[in-house]
Colleague: 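Below you will find the structure I want to go over with you.
Basis for what follows: all heavy atoms, side chains included, without hydrogens, waters or symmetry-related copies.
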Amino acid sequence: MDNQTFTQEDIQENKTVAALAYLIFFLPMLAAKDSPFAKFHGNQGLLLFLASLGVSVASNLLAVILWFLAPVIWALASLAALGIFILGILAIVNTLNGKADPLPFIGHINLINK
């Protein structure tokens with residue numbers, strides 16, 4: 001999606017709630033339930049949360065199964081977590097600038113109905 005999908009009024013009115021969606025993904029469903037812009041970012045926040053959760057669960061399971069490689073697995077998981085954190089920061093900055101750019105790799109997935 002690009003900014004053409006959202007009205008300037010919607011963007012200006014809801015960009016703070018949309019930015020907070022990267023910290024609390026369900027906030028747009030409570031505070032701006034009629035805003036397509038906020039819902040888009042709520043969906044992106046949910047995807048980022050699920051990616052973070054997936055990295056955490058997968059790395060811990062792999063570390064238990066492959067205990068002899070645990071330090072390497074946790075180091076790679078830390079790099080992945082850092083990447084997810086950086087994506088979150090960039091997404092918040094873009095949102096506050098009124099942009100609606102999907103996240104790389106996972107941003108095309110829609111889990112929250114618009």
Colleague: Indicate, with yes or no, if V93 and L47 share a hydrophobic cluster defined by side-chain heavy-atom contacts under 4.5 Å among Ile, Leu, Val, Met, Phe, Trp and Tyr.
Modeller: no
Colleague: Give the cluster check for L96 versus L87: same hydrophobic cluster or not, with ILVMFWY residues linked at side-chain heavy-atom distances below 4.5 Å.
Modeller: yes
Colleague: If a pair satisfies side-chain hydrogen bond (donor to acceptor under 3.5 Å, both in side chains) and one of its residues is in residues 83-96, list it, with sequence neighbours excluded.
Modeller: H41-T95
Colleague: Any idea which heavy atoms bring V17 and P28 closest together, and the distance?
Modeller: CG1-CA, 3.9 Å
Colleague: Show the nearest heavy-atom pair for residues I92 and A19, with the distance to one decimal.
Modeller: CG1-O, 3.7 Å
Colleague: Who pairs with A91 by side-chain contact (heavy atoms from CB on, under 4.5 Å), at least two apart in sequence or on another chain?
Modeller: Y22, L103
Colleague: Supply the atom-to-atom distance L20 CG to N14 CG, rounded to the nearest 0.5 angstrom.
Modeller: 11.5 Å
Colleague: Give me the other members of the hydrophobic cluster that L90 sits in, counting Ile, Leu, Val, Met, Phe, Trp and Tyr linked by side-chain heavy atoms under 4.5 Å, directly or via other members.
Modeller: L82, I86
Colleague: State whether the side chain of N43 and the backbone N or O of K39 hold a donor-acceptor pair below 3.5 Å, judged by distance alone.
Modeller: no
Colleague: Just so I know, are the side chains of P36 and D10 near enough to count as touching, which here means a heavy-atom distance under 4.5 Å?
Modeller: yes
Colleague: Holding to side-chain contact (heavy atoms from CB on, under 4.5 Å), I want the full list of residues that pass it with F26, two or more places apart in sequence or in another chain.
Modeller: I24, L30
Colleague: Are L53 and L111 connected in a single hydrophobic cluster, I mean Ile/Leu/Val/Met/Phe/Trp/Tyr linked by side-chain heavy atoms less than 4.5 Å apart?
Modeller: yes
Colleague: Can you classify the ring geometry of F40 versus F6 as parallel (below 30°), tilted (30 to 60°) or perpendicular (above 60°)?
Modeller: tilted
Colleague: Identify, with sequence neighbours excluded, every residue that meets side-chain contact (heavy atoms from CB on, under 4.5 Å) alongside Q12.
Modeller: Q8, K15
Colleague: Could you pull out the closest heavy-atom pair between F37 and A100, with the gap in Å?
Modeller: CE1-CB, 4.1 Å
Colleague: Would you say L23 and L27 are hydrophobically clustered, going by side-chain heavy atoms of ILVMFWY under 4.5 Å?
Modeller: yes
Colleague: Is any side-chain heavy atom of I106 less than 4.5 Å from a side-chain heavy atom of L50?
Modeller: no
Colleague: If you compare all heavy atoms of A18 against all heavy atoms of A38, which two are closest, and at what distance to 0.1 Å?
Modeller: CB-CA, 3.9 Å
Colleague: Identify each donor-acceptor pair in which a side-chain atom of residues 54-76 lies under 3.5 Å from a protein atom, sequence neighbours left out, and give them as a table.
Modeller:
unit_1	atom_1	unit_2	atom_2	d
S59	OG	V55	O	2.9
S59	OG	S56	O	3.0
N60	OD1	W74	NE1	3.3
N60	ND2	S56	O	2.9

